Amino acid sequence: LAKEVGKNNYQFFTKELDEKNTKKMRLERELHKALERNQFQLHYQPQLDIHSGRILGVEALIRWKHPELGTISPSDFIPLAEETGLIVPIGNWVLKTACRQNKEWQNAGFPPVRVSVNVSMRQFTQLNFVDHVKEALEQSGLSSEWLDIEITESMTLEGDIFHSALLKLKELNIHVSMDDFGTGYSSLSSLRHFPINKLKIDQTFVKKLDETNKAIVTMIVTLAKNLNMNVIAEGVETTEQAAFLKGMNCNEAQGYLFAKPMPAQKMADFFSRTFTVTY
Ligand code: C2E
Ligand code: MG
Ligand code: MG
Ligand code: MG
C-alpha cells in the first residue's frame, strides 16, 4: 500500500511541477512582448516626513497589466525578468517613465518631490547602467537631485562594479537608498564605505513590533544617524507603529496608513488636494 501511495504522490507532484513550468514558460514568452505591447504601468506611493507629514518623495512600483491574467504584481514577474535578462530593458523603461512622470508633475506646478526607482542587481551591475540613468534624466529634463535609486543589501557583495556605479551616481548628485535593510547580509562596517543616503527599514520589522523587532528598528535608526544617513520605515499600517517610529526619531515613513501605491493620475489628484498627510 505504501508503495502505491508513494507512486501516486510522485505522479501528483510531477503533474503539479509540469503545470508550474508550463505557466512559467507562458509568462516568460509573454514577458518578452509586454514592453512593446505597453502592458507595464507604474504606481506611485508617497514617502513622507514622519514629523510634519509632508510628502518628500514617491516610490515607483511596477505593475504588469496582463490582458487575460489581470494585474500581475512585481514579485510574480521580477524574478523571471532577472533570470531572463529582461530586467535590463524593463528597468530602463521604469527609469525613463518615472523621470518623465516626475518632470511632468513639476511642470504642472506641484512642489518638487523625489522619485524612487527600484533597481535589480542584474541591472545595477551592467557596465552602462549609469549611462542609462543619465539618458533618462536628459530625455526627461528632470534634475538629478529629484531621482533616488533603491538598491538592496545583497548587491554589496558584487564588489568593484557595485562600488564604482555608486560613486558615479554620487558624482551626478543622485540619491541612493538601501531597500529592505536588515534582511540581507551586508556587514555593518562595510556600509560606511558606500556613499548611501538612506536606509529603508524592511517592512517585516515594522509589521510586528515585538521586543526583538523594536530593538532591531532602534538599532537601524541609530546606525543611520551615526553614518549620517536618513532612515525611512516602510510598510507602516497603524498609528501605533507610526508613533513608535516617531519616538525613535526615524525621519521618514511609507505605508498603507498614509497612502497605498496608486496610478499616476490618482497621484496627481492626491497632490492637487494636499502635500501634507494627516493621520
Ligand atoms: P519594495 O521595493 O520593498 O516595495 C515595497 C512593497 O511593499 C511594495 O509592493 C508596496 O506596494 C508594498 N507596501 C507598501 N506599503 C505597504 C504597507 O503598508 N503594507 C503592506 N503589506 N505592503 C506595503 P509591490 O509594489 O508589490 O512591490 C514588491 C517588490 O517588487 C518591491 O519591494 C521591489 O522589490 C519590487 N519592484 C517593484 N517595482 C520594481 C521595479 O520597477 N523594478 C524592480 N527591479 N523591482 C521592483
Ligand atoms: Mg523599494
Ligand atoms: Mg522594501
Ligand atoms: Mg521588498
Side-chain angles (χ1 to χ4, degrees), residues 10 12-45 59-99 115-136 147-166 168-169 176-186 194 196 200 202-204 234-235 261:
Y10 176 73
F12 175 72
F13 283 124
T14 44
K15 186 161 171 264
E16 273 223 318
L17 268 181
D18 279 349
E19 276 170 12
K20 222 174 147 189
N21 276 331
T22 314
K23 193 170 171 224
K24 192 179 161 190
M25 274 156 61
R26 174 183 175 191
L27 273 192
E28 183 177 332
R29 227 181 314 115
E30 298 183 357
L31 194 56
H32 275 276
K33 306 249 168 72
L35 257 187
E36 64 193 52
R37 289 179 179 165
N38 266 320
Q39 290 172 347
F40 293 117
Q41 194 187 36
L42 293 185
H43 283 199
Y44 298 89
Q45 185 182 33
E59 178 174 8
L61 295 157
I62 196 170
R63 304 285 178 262
W64 180 6
K65 303 278 171 181
H66 192 283
E68 283 133 41
L69 303 173
T71 302
I72 306 179
S73 77
S75 31
D76 290 328
F77 71 87
I78 290 289
L80 189 58
E82 282 170 356
E83 217 177 280
T84 54
L86 284 167
I87 192 64
V88 175
I90 293 172
N92 286 332
W93 177 86
V94 174
L95 270 169
K96 283 187 184 174
T97 307
C99 289
V115 68
S116 296
V117 173
N118 291 283
V119 172
S120 295
M121 165 132 75
R122 183 144 180 197
Q123 186 189 357
F124 194 83
T125 52
Q126 296 280 307
L127 285 173
N128 57 2
F129 169 71
V130 179
D131 296 326
H132 286 294
V133 174
K134 271 195 218 162
E135 205 174 289
L147 177 62
D148 173 61
I149 300 287
E150 289 193 6
I151 58 173
T152 56
E153 254 183 303
S154 52
M155 294 186 192
T156 55
L157 298 176
E158 286 303 286
D160 286 352
I161 302 178
F162 170 81
H163 207 165
S164 84
L166 276 184
K168 283 189 219 159
L169 291 176
V176 176
S177 301
M178 179 88 70
D179 206 354
D180 305 339
F181 191 75
T183 61
Y185 6 65
S186 75
F194 299 130
I196 287 163
K200 286 194 89 170
D202 191 71
Q203 42 183 296
T204 52
E234 63 177 351

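Source: prediction; values computed, not measured.
- Of all heavy-atom pairs between Arg63 and Pro74, the closest is NH1-CD, 3.4 Å.
- Listed here is the closest heavy atom pair of Met121 and Thr125: O-OG1, 2.8 Å.
- Tyr44 and Ala98 make their closest contact through OH-CA, 3.9 Å (heavy atoms, listed as atom of the first residue, atom of the second, distance).
- Taking CG from Asp180 and OG1 from Thr204, the interatomic distance works out to 8.5 Å, rounded to the nearest 0.5 Å.
- One N or O on the side chain of Thr84 and one on the backbone of Ala81 form a donor-acceptor pair closer than 3.5 Å.
- Side chain to side chain, His66 and Glu68 fail the donor-acceptor criterion of an N or O pair below 3.5 Å.
- Considering every non-hydrogen atom in both Gln39 and Pro67, the closest pair reads NE2-CD, 3.3 Å.
- Note that CD of Gln126 and OG of Ser120 are 11.0 Å apart. Values are rounded to the nearest 0.5 Å.
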*Given side chain to side chain contact (heavy atoms under 4.5 Å, CB included), test Val176 with Phe194 step by step and report yes or no.*
CA-CA 10 Å; Val176 176; Phe194 299 130; over 6 Å; no

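- The shortest side-chain heavy-atom distance between Phe124 and Leu166 falls under the 4.5 Å cut-off.
- Side-chain atoms of Gln203 do not come within 3.5 Å of backbone N or O of Gly235 as any donor-acceptor pair.
- Applying the salt bridge (charged side-chain N to carboxylate O under 4.0 Å, His left out) rule to Glu82 yields no partners; only residues at least two apart in sequence or on another chain are considered.
- Partners of Lys65 by salt bridge (charged side-chain N to carboxylate O under 4.0 Å, His left out), not counting sequence neighbours: none found.
- If you take CD1 on Ile72 and CD1 on Ile78, they are separated by 11.5 Å, rounding to the nearest 0.5 Å.
- Looking at Glu135 and Leu95, their side chains never come closer than 4.5 Å, going by heavy atoms from C-beta outward.
- The residues Arg122 and Glu83 are annotated as not salt-bridged, no charged nitrogen and carboxylate oxygen being separated by less than 4.0 angstrom.
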*side chain to side chain contact (heavy atoms under 4.5 Å, CB included) between Val115 and Asp148, intermediate numbers included*: CA-CA 6 Å; Val115 68; Asp148 173 61; over 6 Å; no

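- Taking the salt bridge (charged side-chain N to carboxylate O under 4.0 Å, His left out) definition, one finds that Glu36 meets it with nothing, sequence neighbours left out.
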*May I have the step-by-step check of side chain to side chain contact (heavy atoms under 4.5 Å, CB included) for Leu27 and Leu69, ending in yes or no?*
CA-CA 10 Å; Leu27 273 192; Leu69 303 173; 3.9 Å; yes

*Please assess Lys15 against Glu19 for the test salt bridge (charged side-chain N to carboxylate O under 4.0 Å, His left out), listing each intermediate value before the final yes or no.*
CA-CA 6 Å; Lys15 186 161 171 264; Glu19 276 170 12; 3.7 Å; yes

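- Across Asn118 and Gln123, no two heavy atoms sit closer than the pair O-OE1, 4.3 Å.
- Within the 4.5 Å cutoff, no side-chain heavy atoms of Leu86 are placed close to those of Leu35.
- We find the CD1-CZ distance between Ile196 and Phe181 to be 8.5 Å, quoted to the nearest 0.5 Å.
- Thr152 approaches Met178 most closely through the heavy-atom pair C-SD, 3.7 Å.
- Put simply, CD on Gln41 and CD1 on Ile62 are 10.0 Å apart, with the number rounded to the nearest 0.5 Å.
- Using a 4.5 Å cut-off on side-chain heavy atoms (C-beta onward), Leu31 and Trp64 make contact.
- If you take CG on Leu42 and OG1 on Thr97, they are separated by 5.5 Å, rounding to the nearest 0.5 Å.
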